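Only one structure is covered here, and it is reproduced in the block below.
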Amino acid sequence: MSDSEDLTLSEISSRNGHGAVKNEDDEMPLAQLNGRAKQKKRKSSDKSNGAPKEKKAKKAKTPSSSKVKKETPSAPATPKKTTKTPKPSQTPGSETPSATPKKEGSEEADEGYKWWEDENFGEGEERWQTLEHAGVIFPPPYEPLPSYVKLYYNGKAVDLPPLAEEVAGYFAAMIETDHAKNPVFQQNFFNDFLQVLEESGGCNVEIKDFEKCDFSKMAAFFEKQREEKKALTKPEKQRIKEEKEKLEEPYKTCLMDGRRENVGNFRVEPPGLFRGRGAHPKTGKFKRRVFPEDITLNLGEGAPIPPAPEGHSWGAIRHDKTVVWLAMWRENISDTFKYVKLAANSSIKGISDMKKFETARKLKDHIQRIRADYTKMLKDQFMQNRQIATATYLIDIFALRAGGEKGEDEADTVGCCSLRYEHVTLKPPNKVIFDFLGKDSIRFYQEVEVDRQVFKNLRIFKKEPKGPGDDMFDRITPTILNKHLQNYMKGLTAKVFRTYNASKVMQDQMDLISNEGTVAEKVVKYNAANRTVAILCNHQRTVSKNHEVGVKRINDKIKELEWQKLRLKKMILDVDEKAIKKEPKYFEELDDLTKEEQGVIVERVIERQKDQAEKKWNRDNEKRKMEKQELLTKEDLKEKLDKIAETRKEYLNEIKTGKVEATKGATVASLKTKIETVENRITNTSYQLKDKEDNSEVSLGTSKLNYIDPRLTVVFAKKFDVPIEKLFTKTLRDKFNWAIESTDENWRF
DNA sequence: GCTCCCACTTAGTATTTACTCT
DNA sequence: AGAGTAAATACTAAGTGGGAGC
């Protein structure tokens, strides 16, 4: 009552500043302070598409050079900031690499190395000491289409220069995709196509109108190519695969600090059409081919420089120990960087992954105070502080992302700090509807109840003169928010809350699971826990095209099994008509399926049997032809079909009479056993269906890969005797090897 | 205190591979 | 043993966040 809980916006504002004096700055939202920065920043598309993009200013500067210079003097001398001074005898990470005798027989030397048992590994600013690698693999050069495959314009064959043909081909190859139907994609593609066409000398036809372009011949050619590739024989495919393997061999690994480590994306991204997600303004633009001259290699000092492809040279060579990339180039769509880095199972990735989870775990020790503080700060007299508190609340409770500012030339997506007026609907007394597009243009839609003061604050943040298009959090940015969070804990940033809460939820869910049932049942429980995390993080996936079909198929299957079950029960009555008297309950469901339903099921079953009979006949004949045997005749097939038709009649008769003749030799007991089997199948199939439905638009993979501390999964496996293979795929087991090897069943997040 | 640059993690989807069921 | 499906992996776009330099 006495505090500012009910202050209006203007009241808060006027209280801002020091004492009662109104402080201009404090009252002004960031956007205005920045001098109309509202017009999003970021390099406004500097036109020049794919053309020479001299970033001379930057090249000259070589930012890293200064960095490197700065730390060079100190680096070799001081062995990192080792705070804990452990046994100095074995600290390979902090010794100079030359000191570690690894070079000879390097292949084996790494096998047993366990960085997670090395306390010092990963400390210090330098990420490695020595680095040798083979560079990158380039996509094959463009192969012009055969002369009979052409683009047609207004019905006329077009003779395109190779590069223009290549661009057109990229569109033709994806003509059936949703992208190719998107007008923005089409327009961007077409503009770039015309530009490339002009730059490469034009063609025999004047092309003006996208609608008049006919890509179908090209598309058909690519389709045919795909088919041919698929139709290759086993050994042919095998040979191609082996050749590829051999070519890639040298690039797959590198030598870092004397250890053999896997490289992740050693293939340079091939040219193509940019597939932006959501309503990306640049979707469809031509992503140009990357040449060796575009690439900067990062190597250890003195490491051999891999030869550039014939007739080419590398753009630059760098020796920057403070970064983890092996190669880098600039991409032409958004003018950003692409990096070649080590694989997920490498030491360097493992270390930072473990650090991430350790930071999140540390938050446990601070979360109470942080929550108490932001709850209090929700009523702070300063607007900025209220926003900080409110944003922290949303990030903590609803797992929102930080929400940095985005440019005009990107898809319009938001996170917490970039939420706008129209994304938040208030329903008194304390309900809020969030509706916005987040990362990857995935919709975040939630109607939730919030803290009363949070509700009030959100109302204040929406107060006029604000309207649609205006930022809710107009006085904070992720940087400001993170600065504030650092006060509580080193390394605490907005994203840590997602990791913390995800792993915390997983731990809590696991605590609820009891050690009973089969392995399969435990896996289902694990997945259910995993799913709660995925839902918290709003990890979605588009419902696959055949999801509907799949669901229907399973439903049909269940219906069919039920029909089978009822038939079996009726057989029991055929064997022993008094059974119904003895166990009325058991036969209660006898009429669960109507005659119509049974009819539908029967027709489906029969239809399938016929199908299968025909297929089998075809198959057998194929085989016989190969083996030069006598072919089956139409009569053979007809015989089968007739038999099926007979079965159909019997089924239909069953429906009519409601009676089913028991199979020969069947007893009540044997039938009951069969029924049990069918019932089990029904249960299993129903679970399968439920799982399919529940998971249809939830993606479990992302949280497993990035948010759930892998040690939790290891604990689950050990405690509940579930083989880790059931929970982690091969890739995941490699990536999380550190967790698998170092965690005992009593570990807690 | 900002902007820009850079580097790194996180993310959904496209493609490949493995597995299931005839 | 091969089609058809589901799982696994590869790919690369789209975020976050630190820090240099004005």
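A note on names: the letters A, B, ... follow the listed sequences, proteins ahead of strands, and every chain is numbered from 1. All figures in this text were calculated on a predicted structure; none of them were measured in a lab.
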Derivation of the salt bridge (charged side-chain N to carboxylate O under 4.0 Å, His left out) call for A/Lys362 and A/Glu358: CA-CA 6 Å; A/Lys362 226 166 74 188; A/Glu358 283 305 296; over 6 Å; no

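- Dashed line: the shortest gap from a side-chain N or O of A/Arg330 to OP1 or OP2 of B/dC6 is under 4.0 Å.
- Contact check, A/Lys483 against C/dG18: no side-chain N or O comes under 4.0 Å of OP1 or OP2.
- Atom P of nucleotide C/dG15 and atom CG of A/Asp409 are separated by 12 Å, given to the nearest angstrom.
- Atom-to-atom, NZ of A/Lys341 to C1' of C/dT12 comes out at 12 Å; the value is rounded to the nearest Å.
- Remark: the A/Lys282 side chain and the A/Ser334 side chain contain no N/O donor-acceptor pair separated by less than 3.5 Å.
- The phosphate of B/dC5 (OP1 or OP2) has no side-chain N or O of A/Thr336 nearer than 4.0 angstrom.
- Between the side chain of A/Lys439 and the base of B/dT10, at least one donor-acceptor pair of N or O atoms lies under 3.5 Å.
- For A/Arg401, a side-chain nitrogen or oxygen approaches OP1 or OP2 of B/dA11 to under 4.0 Å.
- For the pair A/Asp320 CG and C/dG19 C1', the computed distance is 14 Å after rounding to whole Å.
- A salt bridge is absent between A/Lys504 and A/Asp709: the closest approach of a Lys/Arg side-chain nitrogen to an acidic carboxylate oxygen does not fall below 4.0 angstrom.
- Between A/Arg127 and the phosphate of B/dC8, there is a side-chain N or O to OP1/OP2 separation shorter than 4.0 Å.
- Applying side-chain hydrogen bond (donor to acceptor under 3.5 Å, both in side chains) to A/Asp294 and the options A/Arg330, A/Arg289, A/Arg288 leaves one that passes, A/Arg288.
- In this entry the distance linking CG of A/Asn262 with C1' of C/dA10 reads 14 Å, nearest Å.
- Of the two residues contacting DNA chain C, namely A/Gly415 and A/Phe274, the nearest-nucleotide position lying further toward the 5' end is that of A/Phe274.
- Note on A/Lys356: a side-chain N or O is less than 4.0 Å away from OP1 or OP2 of B/dT10.
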Evaluation steps, side chain to side chain donor-acceptor pair (under 3.5 Å), between A/Gln238 and A/Glu242: CA-CA 6 Å; A/Gln238 187 62 30; A/Glu242 273 163 21; 3.2 Å; yes

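- Here A/Thr413 reaches the OP1 or OP2 of C/dG15: one of its side-chain N or O atoms lies under 4.0 Å away.
- When the P atom of B/dT9 is taken as reference, atom NE2 of A/His539 falls 16 Å away, rounded to whole Å.
- Contacts of A/Gly403 with the nucleic acid, taken as non-hydrogen atoms under 4.0 Å apart, involve only primed sugar atoms and P, OP1 or OP2.
- Within the 4.0 Å cut-off from OP1 or OP2 of B/dT13, at least one side-chain nitrogen or oxygen of A/Thr542 is found.
- Dashed line: the shortest gap from a side-chain N or O of A/Asn706 to OP1 or OP2 of B/dT9 is not under 4.0 Å.
- Contacts of A/Ile442 with the nucleic acid, taken as non-hydrogen atoms under 4.0 Å apart, involve only primed sugar atoms and P, OP1 or OP2.
- Closest to the side chain of A/Ala402, out of B/dC8, C/dT16, B/dT10, is C/dT16.
- For A/Lys229, the listed nucleotide lying nearest its side chain is B/dT16; candidates were B/dT16, C/dT12, B/dA7.
- With respect to A/Lys338 and A/Glu269, a salt bridge is recorded, a charged nitrogen being found less than 4.0 Å from a carboxylate O.
- Sequence order on DNA chain C of the closest nucleotides to A/His280 and A/Leu492 puts A/His280 first from the 5' end.
- For the pair A/Glu331 CD and C/dT12 P, the computed distance is 12 Å after rounding to whole Å.
- Taking atom NZ of residue A/Lys237 and atom P of nucleotide C/dG2, one finds them 11 Å apart after rounding to whole Å.
- Of the two residues near DNA chain B, A/Ser352 and A/Gln540, the one whose nearest nucleotide lies more 5' is A/Ser352.
- Distances shown here put a side-chain N or O of A/Thr729 below 4.0 Å from the OP1 or OP2 atom of C/dT9.
- In this structure, A/Gln238 places its CD atom 13 Å from C1' of B/dT17, rounding to the nearest Å.
- Backbone-only contact: A/Ala494 has heavy atoms under 4.0 Å from sugar-phosphate atoms and none from a base.
- Counting any heavy atom pair closer than 4.0 Å across all strands shown, A/Lys735 reaches no nucleic acid atom.
- Applying the 4.0 Å criterion to OP1 and OP2 of B/dT17, one finds that A/Lys730 has every side-chain N and O outside that range.
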